[in-house]
Colleague: 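One structure is given below, represented as structure tokens, and several questions about it will come after.
When a residue number appears, it is its place in the shown sequence, counting from 1.
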Amino acid sequence: MTDLSIVILSFNTAKTTIECLKKLETSLLKSSEVKTEVIVVDNGSSDSSVEELNFFSKKFDIKHQFIYLNENIGFTKGNNLAASKTNSEFLLFLNSDVLINDIDWVKLLSKFKRETSWGALTVRLQLENNEIDPASHRGIPNLWNSFCYFFKLEKITGNIPVLRKIFGGYHLKHLNLSAEHEVKVISGAFFMTRQNLFKRLRGFDEDFFMYGEDIDLSYRIGKLGYRIIYIPDYGATHLKYQSGKKGGHAGQRIAKYHFYKSMQIFYLKHFADKHSKFVNFVIDRIFQFIIPKKS
């Protein structure tokens, strides 16, 4: 049985994806005791990605599958499709714009096996400026946490120890980023979970085209009583927004649409029944205002 299956989606980002795979290959070969496989899905790219990835795949020394789709079926469906072709103990969903820095896969998986209360984990995922990717270290985006984040209360109180615990719940500002600890939400850019748990939850919710699916899966893992862990001992760099950059203003507009639409789907799925009709009416009007037209 394979120990770890790593799923990577690529969309018009062949060069970045190949850079990701080279870094991953170097890291995995240092932990050769771990039985791994890599599944790459090209999500209907319109550039030269298929040719470039196909050429690279012939030189890739890790057990792999490269899947080429005729259309962009979305982040959730693409990941679920790839995951359905695996039979490993653990799954890692890795963005194509994430570069592995220093991970001891033997130690990381051994720890995950021992800690049976853990449902998912992430490493220190940092941006190119060496700051942590805030999306990889989050609390639950309930109304209070979301309010504090979008109205900058989290940012204003970020350096005040007492207040940042009250107002910084969206990104868990009060927690020490140098120490291992539990979080509530991690990023789909580096999302490791148990295969049996992923199957039990029926994978990513495909109502989310892109964005929000990691929040939703984290939330559902937590509701089952599992813990989600942030481990700063190992790291990776998230280049971020590579697909959006390729699309120019149109691509950024579509990304913005899907981001806010995903937040709306998450609220309706998990929180609407906890609030009054008046609150839901107000929230609905806010979403109507901030969600741009898709085209």
Colleague: Does CZ in Phe150 sit with more than 12 non-hydrogen atoms of other residues, nucleotides or ligands closer than 6.0 Å?
Modeller: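 Yes.
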Colleague: Identify the two heavy atoms, one from Gly44 and one from Phe11, that lie closest to each other, and give their separation to 0.1 Å.
Modeller: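 Heavy atoms only, the tightest pair is O-CE1, 3.8 Å.
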Colleague: Consider only side-chain N and O atoms of Thr86 and Gln195, and report whether a donor and an acceptor are under 3.5 Å apart.
Modeller: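 Indeed, the side chains of Thr86 and Gln195 share at least one donor-acceptor pair under 3.5 Å.
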Colleague: Would you say the rings of Tyr211 and His258 are close, in the sense that their centroids are separated by under 6.0 Å?
Modeller: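 No, the ring centres sit 6.0 Å or more apart.
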Colleague: Quick check against the 3.5 Å criterion: does Ser136 have a side-chain atom that pairs as donor or acceptor with the backbone of Ile132?
Modeller: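 No, Ser136 side chain to Ile132 backbone: no donor-acceptor pair under 3.5 Å.
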Colleague: Answer yes if Phe208 and Val7 sit in the same cluster of Ile, Leu, Val, Met, Phe, Trp and Tyr residues linked by side chain heavy atoms under 4.5 Å apart, and no otherwise.
Modeller: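 Yes, Phe208 and Val7 fall within the same hydrophobic cluster.
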Colleague: So, the side chain of Thr122 versus the backbone of Phe190: is there a donor-acceptor pair under 3.5 Å, distance only?
Modeller: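 Looks like yes, one N/O pair under 3.5 Å.
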Colleague: Please report the closest heavy-atom contact between Leu9 and Ser96, naming both atoms and the distance.
Modeller: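 Scanning both residues completely, I find the closest heavy atoms to be O-CB, 3.2 Å.
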Colleague: For the residue pair His275 / Asn280, report whether a side-chain donor-acceptor contact shorter than 3.5 Å exists.
Modeller: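 No, because no side-chain N or O of Asn280 sits under 3.5 Å from a partner of the opposite role on His275.
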Colleague: Between Arg138 and Asp214, is the closest basic N to carboxylate O distance under 4.0 Å?
Modeller: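 Counted as a salt bridge, because a side-chain N and a carboxylate O are separated by less than 4.0 Å.
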Colleague: Would you please classify the geometry between the Tyr219 ring and the Phe271 ring as parallel, tilted or perpendicular, with 30° and 60° separating the classes?
Modeller: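 Ring orientation of Phe271 relative to Tyr219: tilted.
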Colleague: Can you find a side-chain donor-acceptor pair between Thr2 and Asn87 that sits under 3.5 Å?
Modeller: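 Absent: no donor and acceptor within the cut-off.
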Colleague: Locate the shortest heavy-atom distance separating Ser218 from Ile186; write the atom from each residue and the value.
Modeller: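 Taking Ser218 first and Ile186 second, the nearest heavy atoms are OG-N, 3.4 Å.
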Colleague: Would you call Lys30-Glu25 a salt bridge at under 4.0 Å N-O?
Modeller: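 No salt bridge links Lys30 with Glu25.
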Colleague: What I want to check is whether the side chains of Asn176 and His181 have a donor and an acceptor closer together than 3.5 Å.
Modeller: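 Result is no, nothing qualifies.
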Colleague: For the pair His171 and Tyr149, name the ring-plane relationship: parallel under 30°, tilted 30 to 60°, perpendicular over 60°.
Modeller: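 Rings of His171 and Tyr149: perpendicular, over 60°.
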Colleague: Are there more than 12 heavy atoms of other residues, nucleotides or ligands under 6.0 Å from atom CG of Asp273?
Modeller: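 Above 12, so yes.
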Colleague: For the backbone of Thr36 and the side chain of Asp3, can you confirm whether one donor and one acceptor N or O come within less than 3.5 Å of each other?
Modeller: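 Checking the backbone N and O of Thr36 against the side chain of Asp3, no donor-acceptor pair under 3.5 Å is found.
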Colleague: Under the 3.5 angstrom rule, does the side chain of Asn145 hit a backbone N or O of Pro141 as a donor-acceptor pair?
Modeller: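 No, Asn145 side chain to Pro141 backbone: no donor-acceptor pair under 3.5 Å.
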Colleague: Evaluate whether atom CD of Gln288 has more than 12 neighbouring non-hydrogen atoms of other residues, nucleotides or ligands under 6.0 angstrom away.
Modeller: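 Yes.
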Colleague: For the backbone of His270 and the side chain of Lys274, can you confirm whether one donor and one acceptor N or O come within less than 3.5 Å of each other?
Modeller: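 Present.
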Colleague: Is there side-chain contact between Leu28 and Val38, with heavy atoms separated by less than 4.5 Å?
Modeller: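 Yes; the side chains approach each other to less than 4.5 Å.
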Colleague: Is it true that a side-chain atom of Asn43 and a backbone atom of Ser10 form a donor plus acceptor pair closer than 3.5 Å?
Modeller: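 Judged by distance alone, no pair lies under 3.5 Å.
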Colleague: Would you call Asp205-Lys269 a salt bridge at under 4.0 Å N-O?
Modeller: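 Here Asp205 pairs with Lys269 in a salt bridge, since their nearest N and O are under 4.0 Å apart.
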Colleague: Between the side chains of Glu89 and Arg194, is the shortest nitrogen-to-carboxylate-oxygen separation below 4.0 Å, so that they form an ion pair?
Modeller: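 No, Arg194 and Glu89 are not salt-bridged.
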